[in-house]
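Here the structure comes first, spelled out in structure tokens, and everything after it is commentary.
Everything quoted here is computed from the prediction, not taken from an experiment.
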Amino acid sequence: MANEIGSCGYICTIPILFEKFIPSYTTLVHYNATHNIPVAYLRATHGDQAFGRNELAKTFIGDWLLMLDTDMSFPADTFEVMVKLATDNNIEILSGLYCKKEPPYSPVAFKHKDGEFFPIDPILMSELPTLVSVEAAGGGCLLIHRNVFDRIKNELNEEPFTTSSPYPEDLSFFKRVLKLGIQ
């Protein structure tokens with residue numbers, strides 16, 4: 001398993017949602033296999049978001065970890081496209097853009113100002129280019145390079161997704177990323 005480009009991992013927090021996730025995940029696995037894209041597949045052993053994400057960050061194989069939430073659906077080539085975009089643009093963290101499932105259906109992507117996170121304006125979504133710089137995003141479709149985890153561990157001596165009040169695990173991760181000056 002040493003030849004993997006990276007790993008796709010997920011955390012099963014709500015079993016009923018897992019049933020909606022399976023078709024997308026199955027097509028992703030099939031796509032990667034039929035296109036000779038070496039990927040390891042992981043499932044967190046615990047449903048707690050922070051614990052599960054930290055577990056995936058410790059155990060993934062390769063240079064990239066793509067975390068997918070089980071309430072997501074996504075194209076079969078998601079891993080390939082995201083790794084290519086990140087590699088071609090020298091990006092260490094890349095999120096797929098998705099929206100909250102309840103009104104006002106705002107994007108799960110944020111700007112950071114005066115120590116707080118603010119959602120990007122949903123009106124902008126129809127005009128967004130392929131890549132948009134944001135300071136934080138949800139963890140539902142998140143690609144992270146191994147270097148980011150190494151820096152958090154070595155420079156901050158912290159786990160990447162441990163919650164830091166008042167933020168959930170994904171925004172707590174981005175607070176650490178901002179502290180390290182990672183784009």
Side-chain angles (χ1 to χ4, degrees), residues 1-13 21-22 24-46 49-98 108-110 129-156 158-162 168-183:
M1 301 259 283
N3 295 327
E4 277 75 5
I5 294 170
S7 301
C8 292
Y10 65 90
I11 304 155
C12 186
T13 54
F21 173 79
I22 288 295
S24 288
Y25 196 72
T26 302
T27 58
L28 175 112
V29 171
H30 183 264
Y31 179 90
N32 290 337
T34 58
H35 288 80
N36 297 317
I37 300 168
V39 179
Y41 300 96
L42 309 170
R43 178 181 180 192
T45 60
H46 196 282
Q49 292 284 1
F51 185 92
R53 290 191 199 287
N54 282 327
E55 178 185 2
L56 293 173
K58 288 177 192 169
T59 61
F60 80 100
I61 297 166
D63 290 330
W64 295 99
L65 172 61
L66 175 62
M67 286 187 284
L68 299 164
D69 282 358
T70 57
D71 61 348
M72 295 286 157
S73 58
F74 39 85
D77 63 350
T78 296
F79 183 77
E80 178 184 46
V81 168
M82 289 184 76
V83 168
K84 182 170 178 19
L85 266 173
T87 302
D88 289 353
N89 292 282
N90 198 29
I91 296 170
E92 292 184 303
I93 304 169
L94 183 65
S95 174
L97 185 60
Y98 60 94
V108 187
F110 306 88
T130 302
L131 292 172
V132 176
S133 178
V134 298
E135 283 86 26
C141 182
L142 190 59
L143 180 75
I144 306 166
H145 194 274
R146 181 173 297 283
N147 293 338
V148 174
F149 295 121
D150 291 344
R151 286 196 60 199
I152 291 171
K153 179 182 176 186
N154 296 332
E155 295 176 39
L156 299 178
E158 296 179 10
E159 290 187 308
F161 292 98
T162 302
E169 86 293 340
D170 45 11
L171 295 183
S172 294
F173 166 75
F174 281 101
K175 288 293 270 187
R176 291 174 178 92
V177 167
L178 287 168
K179 189 184 290 186
L180 292 172
I182 299 170
Q183 294 289 317

Checklist entry - What pairs meet the salt bridge (charged side-chain N to carboxylate O under 4.0 Å, His left out) rule with one or both residues in residues 173-183, with sequence neighbours excluded? => result E158-R176
Item to check | Contacts of K58 that satisfy salt bridge (Lys or Arg N to Asp or Glu O under 4.0 Å) - sequence neighbours left out | outcome: E159
Next on the checklist: Counting neighbours of CG on N154 that are heavy atoms of other residues, nucleotides or ligands and sit closer than 6.0 Å, is the number greater than 12?
Outcome noted: yes
Next on the checklist: Restricting to non-hydrogen atoms, name the atom on W64 and the atom on T87 that form the minimum distance, rounded to 0.1 Å.
Outcome noted: CZ2-OG1, 3.9 Å
Checklist entry - Out of L28, V29, L56, which one pairs with C8 under the side-chain contact (heavy atoms from CB on, under 4.5 Å) rule? => result L28
Checklist entry - Sequence neighbours excluded, which residues qualify as ring-ring contact (aromatic ring centres under 6.0 Å, His included) partners of H30? => result none
Item to check | OG1 on T162 to CG on N54, rounded to 0.5 Å | outcome: 4.5 Å
Checklist entry - Measuring from F173:CZ to M67:CE, what's the distance to the nearest 0.5 Å? => result 6.5 Å
Checklist entry - When rounded to the nearest 0.5 angstrom, what distance separates OH in Y41 from CG in L66? => result 10.0 Å
Checklist entry - Quick one: side chain to side chain donor-acceptor pair (under 3.5 Å) partners of T45, sequence neighbours excluded? => result E55
Next on the checklist: N147: which residues meet the side chain to side chain donor-acceptor pair (under 3.5 Å) condition with it, sequence neighbours left out?
Outcome noted: E92, H145
Item to check | From CD1 (I182) to CD1 (I152), nearest 0.5 Å | outcome: 6.0 Å
Item to check | Any residue meeting side-chain contact (heavy atoms from CB on, under 4.5 Å) with L178, in chain and number order, not counting sequence neighbours | outcome: H112, F117, E135
Next on the checklist: K84: which residues meet the side chain to side chain donor-acceptor pair (under 3.5 Å) condition with it, sequence neighbours left out?
Outcome noted: D88
Checklist entry - Any idea which heavy atoms bring S24 and T27 closest together, and the distance? => result O-OG1, 2.8 Å
Checklist entry - Do F60 and I144 have side chains that get closer than 4.5 Å, going by heavy atoms? => result no
Checklist entry - How close do F79 and S7 get, heavy atom to heavy atom, and via which atoms? => result CE1-O, 4.1 Å
Item to check | Which residues share a side-chain contact (heavy atoms from CB on, under 4.5 Å) with N89, sequence neighbours left out | outcome: L85, I91, L131
Next on the checklist: Checking V134 now: which residues fulfil side-chain contact (heavy atoms from CB on, under 4.5 Å) with it, not counting sequence neighbours?
Outcome noted: A109, I120, V132
Next on the checklist: With heavy-atom distances below 4.5 Å as the criterion, would you say the side chains of T78 and Y31 are in contact?
Outcome noted: no
Checklist outcome for this item: G139 and D170 have their tightest heavy-atom pair at N-OD2, 3.2 Å
Checklist entry - salt bridge (Lys or Arg N to Asp or Glu O under 4.0 Å) with E80: which residues, sequence neighbours excluded? => result none
Checklist outcome for this item: For A86 and L94, the nearest pair of non-hydrogen atoms, with its separation, is N-CD2, 4.1 Å
Next on the checklist: Enumerate the salt bridge (charged side-chain N to carboxylate O under 4.0 Å, His left out) contacts for residues 60-69, please, sequence neighbours excluded, ordered by first and then second residue.
Outcome noted: R53-D69
Checklist entry - Looking at residues at least two apart in the chain, or sitting in another chain, which of them share a side-chain contact (heavy atoms from CB on, under 4.5 Å) with A137? => result S95, F174
Item to check | Which atom of F74 lies closest to which atom of Y25, heavy atoms considered | outcome: CZ-N, 3.8 Å
